[in-house]
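This report refers to the structure that appears directly beneath it.
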Amino acid sequence: MTKYIFVCGGVMSGIGKGVSTSSIGRILKSRGFRVTAVKIDPYINVDAGTMNPIEHGEVFVTEDGVECDQDVGNYERFLDENLPRDNYMTTGLIYQTVIQRERNLEYGGRCVETIPHIPEEVIRRLERAGKKAKAELVLIEIGGTVGEYQNALFLEAGRIMRLTHPKDVLFVLVSYLPVPKMIGEMKTKPTQYAVRSMNYAGIQPDIIIARSVMPLDEPRKRKISIFCNVSPEDVISAPDITTIYEVPVNFEKERLGDRLLSKFELRSRKKNNKDWERLVRKIRRANRVVTIGIIGKYFGTGSFTLADSYISVIEALKHAIWAGGGKPELVWLNAEKYEKDPKSLKELKEFDGIVVPGGFGARGVEGKIKAIEYVRKNKVPFLGLCYGLQLAVVEFARHIARMPGANTTEVAPKTKYPVVDTLPEQLINISEKHLGGSMRLGAYTCEVKKGTHAYRAYKTKLVSERHRHRYEVNNDFRETLEARGLIVSGVNPERNLVEIVELKNHPFFVGTQFHPEFKSRPLNPHPLFREFIRAAAKKRK
Ligand code: GLN
């Protein structure tokens with residue numbers, strides 16, 4: 001029988017529930033089990049694709065083209081596996097399915113109700129995800145924190161599963177223990193309340209992962225044990241650390257793997273996490289700094305700066321830098337600054353490399369184009385991802401191919417030189433307002449041209465990469481752009497679409513229509529990022 005581990009959050013969000021889930025997956029996999037992980041997002045959006053990344057962080061895209069939460073990216077990176085569409089669900093998606101089934105008369109005339117039909121649909125999907133992955137252990141991360149209205153129905157699904165399969169379902173609570181400055185002591189009370197909230201939902205956690213700035217001491221462990229009704233060995237100390245990739249190693253030190261398996265009466269088949277431990281040592285030892293600037297616009301919320309919107313790009317950069325023995329220093333640069341103050345462009349020269357990641361809409365576009373022009377002329381290694389490629393093509397058209405005012409029709413629908421434009425099917429989507437889940441999404445093939453930076457990276461002709469965009473390089477202008485020196489080094493063979501562009505006589509100037517960052521793994525950095533970092537490290541020397 002498949003085993004299920006629900007991971008819930010207590011006290012507050014953003015304390016590393018996703019990384020904890022991923023790390024549990026990693027350690028169970030390293031002990032010889034087939035594991036998969038599912039993310040549940042308790043909002044009405046059917047998928048994450050319609051949300052501004054400032055609201056909810058990066059939109060991650062799976063091979064089969066679902067726009068989902070960034071945690072699925074963490075699962076993929078820690079499990080080192082591609083996950084399918086089945087491993088993601090939202091409240092909106094569940095309701096949409098149940099309502100559609102009601103319309104199809106699939107409930108045989110019964111009154112369709114929130115309970116039990118919504119949790120039933122959740123359970124059906126969890127079982128299906130487990131079966132499809134042939135998983136022995138399914139991890140389920142419930143978004144949000146316990147005690148909110150929003151995720152109550154998902155906790156309810158977990159409660160029912162535990163009731164019907166008491167030996168096959170466990171609950172892990174990832175909770176936070178603050179150390180308020182004015183008190184100078186770690187406080188357990190908020191965690192006690194979080195457990196109470198779970199108890200109200202009919203659930204008792206089996207394991208508590210205690211997140212805090214520092215390790216848990218014995219008195220705290222005992223207190224949590226007594227007040228929260230778990231044995232002291234099931235209270236796992238999870239202090240802040242320098243890299244998230246260290247979390248599985250720390251969990252094993254706290255014997256989390258043993259605890260989980262013994263509760264299921266399972267035994268490790270092996271225990272081999274050597275590659276991972278080696279990576280962590282390498283990260284700790286790294287000291288040759290590589291500085292990369294990321295030019296974006298989804299950084300600010302109020303007075304705070306967040307980098308969550310670009311998490312896969314950031315991780316992919318780190319993977320590549322670590323692989324080369326370097327120490328990443330990543331700096332967020334706001335594109336709009338270069339519009340207001342073009343003089344500040346010269347700061348770009350100080351970086352070993354510049355990334356212009358994906359984006360949407362007009363805000364910040366001119367600043368990004370200015371920055372791309374600057375790094376092109378000043379030979380700073382450049383990697384453009386999706387919008388980054390599109391704007392590199394716009395810049396090239398304007399300044400080298402003599403097409404003044406060239407643009408993407410996303411920003412200037414009436415431009416004389418629409419070098420980036422929609423495909424016909426996307427025009428229909430836009431005019432019919434069919435905008436959710438309708439971009440060019442998921443994996444498509446790309447044929448790589450020999451003798452290019454791209455080929456040097458991939459070392460093979462046919463590759464497959466993940467997409468998320470509505471606009472494309474306009475083939476009507478391709479010949480002119482190529483005649484002027486733009487190299488189209490990757491093309492989608494089925495539809496003859498531009499996938500990679502680059503420039504000659506530049507240490508590294510590459511743009512991709514796809515998002516290579518989604519496929520980078522800590523133990524297996526993406527080849528394009530690796531090449532980009534190689535050029536960046538060289539510039540530094
Ligand atoms: N806005 C562009 C498009 O839709 C680029 C999207 C992206 O960068 N992900 O085509």
Side-chain angles (χ1 to χ4, degrees), residues 47-63 65-70 73 294-299 308-314 316 335 354-369 371-372 382-395 397 406-413 415 418-431 433-444 446 465-475 477 490 492 495 497-501 510-520 528:
D47 57 43
T50 52
M51 267 181 288
N52 184 325
I54 292 177
E55 292 272 322
H56 198 72
E58 168 189 274
V59 179
F60 187 77
V61 181
T62 57
E63 286 288 298
V66 70
E67 296 170 281
C68 57
D69 186 77
Q70 57 181 32
I294 303 171
I295 306 182
K297 65 169 183 181
Y298 304 119
F299 291 128
D308 256 23
S309 314
Y310 302 105
I311 179 99
S312 291
V313 177
I314 291 167
I354 291 292
V355 178
V356 175
F360 293 85
R363 185 165 67 86
V365 156
E366 287 304 320
K368 288 183 190 172
I369 294 174
I372 294 169
F382 165 78
L383 182 61
L385 307 169
C386 205
Y387 218 12
L389 164 136
Q390 296 175 357
L391 299 177
V393 170
V394 168
E395 193 279 321
N407 217 327
T408 159
T409 53
E410 179 171 357
V411 174
T415 169
V419 290
V420 176
D421 197 7
T422 41
L423 290 173
E425 73 264 25
Q426 289 297 350
L427 269 186
I428 301 172
N429 282 335
I430 294 170
S431 68
K433 281 196 165 261
H434 170 42
L435 297 174
S438 67
M439 285 189 242
R440 185 163 174 245
L441 291 170
Y444 288 94
C446 168
E465 294 282 0
R466 299 185 196 173
H467 295 67
R468 178 172 186 251
H469 55 104
R470 220 178 277 287
Y471 296 79
E472 305 279 346
V473 173
N474 187 343
N475 278 337
F477 293 91
N492 168 260
R495 299 194 60 183
L497 301 170
V498 173
E499 294 279 7
I500 314 177
V501 303
V510 175
T512 63
Q513 185 53 79
F514 48 80
H515 291 271
E517 67 270 24
F518 292 146
K519 289 183 73 169
S520 177
L528 283 175

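Every number for a ligand or one of its atoms is a count from 1 in the order of the listing. Numbers here simply count residues along the sequence, with the first being 1.
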Anything under 3.5 Å between an N or O on ligand 1 and a protein N or O? List each pair with its distance, or write none.
unit_1   : atom_1 : unit_2 : atom_2 : d
ligand 1 : 1 (N)  : G359   : O      : 2.9
ligand 1 : 1 (N)  : E410   : OE1    : 2.6
ligand 1 : 1 (N)  : E410   : OE2    : 3.0
ligand 1 : 4 (O)  : R470   : N      : 3.0
ligand 1 : 8 (O)  : G359   : N      : 2.9
ligand 1 : 8 (O)  : G359   : O      : 3.4
ligand 1 : 8 (O)  : Y387   : N      : 3.1
ligand 1 : 9 (N)  : R468   : O      : 2.9
ligand 1 : 9 (N)  : H515   : NE2    : 3.2
ligand 1 : 10 (O) : Q390   : NE2    : 3.1
ligand 1 : 10 (O) : R470   : N      : 3.1
ligand 1 : 10 (O) : Y471   : N      : 2.8

Compare every heavy atom of K368 with every heavy atom of V356, then report the nearest pair and how far apart it is.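 Answer, listing the atom of V356 first, then K368: CG1-CD, 3.8 Å.
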So which heavy atom on A397 is nearest to which on V419, and how close?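 Reported closest heavy-atom pair: CB-CG1, 3.8 Å.
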With a 4.5 Å limit on heavy-atom distance, are the side chains of T408 and Y387 in contact?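 A side-chain contact under 4.5 Å exists here.
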Considering only NZ, NE, NH1 and NH2 on the basic side and carboxylate oxygens on the acidic side, decide whether R495 and E472 come within less than 4.0 Å.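 Result for this pair is no, no salt bridge flagged.
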Ion pair R468/E58, N-O distance below 4.0 Å: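 So R468 does not pair with E58 through a salt bridge.
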Is the backbone N or O of F360 less than 3.5 Å from a side-chain atom of K297, with the two atoms forming a donor-acceptor pair by type?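 Indeed, once roles are kept as given, a pair shorter than 3.5 Å links the two residues.
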